[in-house]
Amino acid sequence: MSDAVYGIDLGTTYSAIAKINDLDQAEIILNTEGENTTPSVVYFEESGNVVIGKQAKQVLVADPDSGIALIKRHMGTDYPLEFRGQQYTPESISALILKELVNAANIETGGDVQKTVVTVPAYFGIQEREATKQAGEIAGLDVVGIVTEPVAAALSIGIGSTEQQTLFIYDLGGGTFDTTIMRVGGGKVEVVAVDGNRELGGADWDQALIDLISEKFIDQAGLGDDDPRYDEHYLSELRRDAENLKQSLTRREKATVRCRYDAADEQIEVSRGDFEEATRHLVDQTIEICKRATALAEKKYADLAVDKFLLVGGSSRMPMVSAALKDQLGLDPIPTDYDLAVAKGAAIYGQTAVDEVLSTDDSELPAGDGAGPAAPKYYLGGASNLEVRNVISKALGIKFVRDAEDEIGYIEFIARSNDPVPMTAEPINASTVADNQTSIALEIYEQSGERESEVPADNRELKSVSLSVPALPKDSPVRIEFEATSEGLVRCKITDVTSGRSDEIEVQTSVMSAEDVASAKSQISGLTLRS
Amino acid sequence: MTFDPKAYKKDVLVPLAKDQAASAAVDTAIRALSQGKGAAALAGLDSTALFAVDPADLGDLPSHFKQLGLALNKFGTMPPSADKVRRLLQASQSAGLTLEEPSFWHQQSADRAHAQAAQLDGFVENLKTENPLGVLTTEQLGRAAAAAGFGNIPAQTLNSAAEAKGLMVTHELTMPSSTVPPVLLKATGHAEFRTLLDLLTFPDLAADATFIDGLTSSGRPLTVGDVASALGQSERARDSSAVQDAQKTLGLLKKQCQDDTALHQLVLATVMKHLAGHVKPGGSRLQQRDALVGMGIGRADAARAVAFLNPSGAAGVRSAASLQISEALSAGKLAEARRLADSLSEDDDDRAERTSSLARLTAAESQKATLLSAYRTAWEARDFPEAERALNAAIRIDTEDPSLPQKLEEIPPARPGALQADIRGGVVHLSWSAVPGATSVVVRSEGTAPVSPGAGIPVGRGQDLLQLVDDGAPAGRHVGYSVFTTRDGRTFSDPATAQIAVLPVPSALVATTDSSQVELSWQLSPRALAAEVVQQNSDGTTTTHPVANGSVLTVKGLSLGVKYVFDVRAIYLTQQGREASQPARIEATPRGELAPAPDFSVQSVTMDGGSGVKASWHPVAGYEVEVWAFPRDYRALSGSIEPLAALRARGGVRLTPLVGQTGSAERAVRTYRAEGISVYVPVTLDGERGRLGEPVVSGAAPNIRDGVAERFGNAVKVSWVWPTGDYLMEVSWKKDGAPRSGRITPAKYRAGGGFMIPAVEGVGEIAVATIAKASDDEWASAPVPIPYTTARPALEYAVAIKKSLFAGPTVTATIDPRGFSGVLDVTLVVASGALMPATARSGDVIARQSLALDADGPAVLRASIPKLRSPYWVRLFVEDTAPVVLLDPPTSQMKG
């Protein structure tokens, strides 16, 4: 094995880090508190001092203004935040979490590993993936790859068997929900369909529980119109207690929580039945998404049959999830390591990348290292190489106008959602819309809803470039060629057919520019981390 | 423009989250922006408030919006309105609105004002439709405006807008508490008088009358003068039962109403009571108003009266429900009002009444919620008086909410004040002030004061407890006391605290002396570590004697008779180290045996303002000697030791020496004020007992006062004021240089009117000395010289003039001899005119007579005088060589 690499599950609520150990096994590295997972919570203690993890989560109850949780939900968006007089982007804050995980892992292992693979939800778009990569760069890490969480989970379960299986991954994490249907076997992973919701996760169950408890508290304490949820301290305390309560209700039928607000101090009892009733709509939404993903997969492979239904992510531990999957889909889900599978899988993915036995496109892998054929990898279930074929999670398109008066335009999708990547789209033949047109604007959009829509307002603009051309008459031909890499990089070539002039654009789809990343990196490096 | 995220969340976002109408308005604006409506989309919003823009300070808008964006990001979705405002901000920016330009906000203010004016106009139009009477109270208008989202518009603007549309906006009509005598209503039972107002304008009928805000008829004020005038008119009117009742009514008004205000209040109460019979709830209000106008009441007051008496209007049973809602609200029955409101049917054709009632109900509920919020905020801040005020106000709105009185009960009384802690007699005395009726709970702990009632050792508890003695405080420790007050025993006020170091002072300090040493003994608290004695010497120096063990100290080598002061302190080891208590002090003078004062002498002395004695004796080393005075018959046992109380019991009095004493170390000399003769005894003091010395009788008899010596015929009479007491007087004089003397008792003096020296010529150096006798002894005061004049004694005479009808008057002159005896030649003179005759030759001599005067009685002279025209005078004269002079009586006797 060559260089070591960490696999990091950068979760919305909890994160974990793993590497391949000397026994060729993917192994979770404990944090400084001796725990497998680290809460993805950052607290800015004072200027230059940052606390991450369990301590941050505890102190956030008393001082909610100086820290943040669930930052993953804002990755890839323009969402600056200010703490202790300093501005941070979601990427910078995620970078602090990554940095802390790696530092703790290096202390634990005695190593100095800086190569990492970071996971993203399958349903993350291009900007979110790029943002995750930039978070790694800001943290000063060498991000050797970005892998989706369901793929990583599949890798941790084992894909070495020559027998091909169809896996359905139901990944309900703290902040996101992914479903991925993939075919695995013999060192290959082919993602057939992905679907999900980037704002549906355990945090939503927590919120529903908070609302349920609060309504009971308002009623029991006779608070009338006074809603304690507007009080930060009440909310912080309850958020902390709600998570524990939720976990209790996975094992117990009833649990109580203490609620305090002003002079009111009550013990509120919540039953599992109450909780399930209050969150049924959330489970139903995941079921709906599962059905959607299945339909998509069946379009590709009509005779698709799921061999294993795997539950990944801490939130899928809830009994209501298994019960709903069984009742509504007739499925018998198999639990995995829940919180740890993704990190382990990321370590596997990362190691294969570092060992140069990973293929994510159609390029050939070396048969060996010159000294002989590539050795089987225990962590690959005996396979020597790993091939991962992914799909694009969200459709990509270009905005066109029907004529010169068309102010709204429409989106022509070049790459559809669940199309395999890497991909090269069929060239698009377009034309100018007015006489003496001297520029051709190219606006690249990404699907923003759960289904494709040609209405520009329903999509998210990724990039807008303008190609200058000599004055062209109306209806002059223009050719657009488009390709997307397995990492989500989009390249576009636009050609004025008449003159032969063309321009190639590599679409950088991140919110932060290179200068922003460098500045953020400098800012983060000046902070002291404590966990 | 400074942006405060916390204040913004509290003042803008949280209220927005709770206000569904306002949230819906934001949603409408977001939709409008996405549909390309531009800046007009924001016209319906208070965007300056939503974006925390201060129109008066539009500096650095880019920075402001950046901070706003950061704050909204941080708030996330809590409250949900934060996300809404963020979306609004994003939609505004996406729509190209130049939020960071001051010009945008200037235009926005204008657009907003314009939009608001249009909305307000529509609102008032609707209000007018819903209020056909055209009358609204300011409160009704305010409630309707708040419910319609115009709560932030000033009342003045609302009123103006309403009045511009023809609505009359008045204050809430409150009925005076005057009791209406039945007689005031009797007259209006007659056809001649429609309302009481017709009586005030008698014999005319009231026209266009007002009675709510003031009494007028035909635009002219009605005053108490009109009552009198109407009464007068009624008396002149043709008699009838109506007129009789009118007179009774007007008479009562005249008597009961001393001023126009009282008249107005009574008339208002009476007229409204009368009109209540005419304006039935449920009837057509417009019809009722017209009916009142027909009774001579002005249109505006008629409308207001109908609105008050029939708020529900002509909606039958359903309107009765609205009325019941109003009544329930007025009675503070909020829950019942809500129940009634919920039962109102939506197809009620009297929407105006229902809307009004619901608006009132909503406002009441909102106000209760606001007050409860204020209560909670105050509670959190531990501002219990404010919390109590807010709760009481909430209770007035909802008297039937059981949780409110319970909360009120839980409010702790105010923190006790003025907690004082001090140590007396080895125990801690606490005192404080507290709210009457509250229970005080006192707890103690070592070190700092307990922060809660359960955090310390209970010391005392009781209702109206204001002081306490804590004999359990650990000696030698710093302790803290906290006094909490409570009403219900569960919620406590903030404490009043005090800290004190419990360092009991040594007790039972006793000093025993001999000639050169002092033995001190004391008692210490068991927790005292040691003692320290500081000796103060007479020269100002001090000597410190640490006493590590035991509680006795013998200080030797002291000077006999010199007073020493000893301060004894107990030493403790507290939390703060070694600390000393306050001292117990004792004075001690080394001295020898308690001996009587030797060589005691007393002499009487004369001093300013009286007499006294000067005593002297040889000092007794180490002891103080006092001089006591006893009655003359006291037999002192020299050398005996007696309790001072016993000396007092025997009539002894401790004398206080005059200041500025003389004397020396060898001989003490003291001067005392003293009257009379006493037995003086020196007493050598030893606490409350003393050793008696040799008694000395001394003193001085008191002197006479006001001594006078005057010639009295052939004698010189000496007279004086006797001193109090049993004394003789000895009068001494010289007769032709030879000393003479005589004594006189008080009885003989009284009988003779003085002491007579049986000579006149050659008499001088008259003096009087007081003689005091005690058994066989007598003491004489210093003789008091009496000045002697040879002036003739003056005798008084009286004149009586008796008139006669036929003859001339008879004059009787009576002379009082006053001890003078001898023959006196007198002349009776009469003179006419205004002036009294100055000499015997100034008038007519009526009679000359020689009268024999003696001590047996007055001498009388009678004479008839001729008839004289008034005024005339009658006067007696004696010769210049006569032995006496006559003193004239009052001129009224002498004048005829």
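Just so it is clear: chains get the letters A, B, ... in the order the sequence lines come, proteins before strands, and each one is counted from 1.
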Exercise. What residues, two or more places apart in sequence or in another chain, satisfy ring-ring contact (aromatic ring centres under 6.0 Å, His included) together with B/F75?
Worked result: none
Exercise. What are the two closest non-hydrogen atoms of B/L70 and A/L81, and how far apart are they?
Worked result: CD2-N, 3.6 Å
Exercise. Tell me, side chain or backbone of B/L72 under 4.5 Å from chain A's heavy atoms, or both, or neither?
Worked result: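 Backbone only.
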Problem set entry | B/P80, part contacting chain A, at a heavy-atom distance under 4.5 Å | side chain
Exercise. Can you name the side chain to side chain donor-acceptor pair (under 3.5 Å) partners of A/E405, sequence neighbours left out?
Worked result: none
Problem set entry | Residues in side chain to side chain donor-acceptor pair (under 3.5 Å) contact with A/S15, at least two apart in sequence or another chain | A/S40
Problem set entry | Toward chain B, the part of A/L223 with a non-hydrogen atom under 4.5 Å |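 When you check distances to chain B, atoms from both the backbone and side chain of A/L223 fall under 4.5 Å.
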For this session: Heavy atoms only, distances under 4.5 angstrom: which of B/A71, B/G76, B/A17, B/G69 has the most pairs with chain A? Name it, please.
Result: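 Option with the top pair count is B/A17.
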Inter-chain polar pairs, chain A versus chain B: which donor-acceptor atoms lie under 3.5 Å apart?
{"unit_1": "A/D65", "atom_1": "O", "unit_2": "B/K74", "atom_2": "NZ", "d": "2.7"}
{"unit_1": "A/D65", "atom_1": "OD2", "unit_2": "B/K6", "atom_2": "NZ", "d": "2.9"}
{"unit_1": "A/Y79", "atom_1": "OH", "unit_2": "B/N73", "atom_2": "O", "d": "2.5"}
{"unit_1": "A/P80", "atom_1": "O", "unit_2": "B/N73", "atom_2": "ND2", "d": "2.7"}
{"unit_1": "A/E82", "atom_1": "O", "unit_2": "B/K74", "atom_2": "NZ", "d": "2.8"}
{"unit_1": "A/L223", "atom_1": "O", "unit_2": "B/R376", "atom_2": "NH2", "d": "3.4"}
{"unit_1": "A/D226", "atom_1": "OD2", "unit_2": "B/R376", "atom_2": "NE", "d": "3.4"}
{"unit_1": "A/D226", "atom_1": "OD2", "unit_2": "B/R376", "atom_2": "NH1", "d": "2.7"}
{"unit_1": "A/E232", "atom_1": "OE2", "unit_2": "B/K9", "atom_2": "NZ", "d": "2.8"}

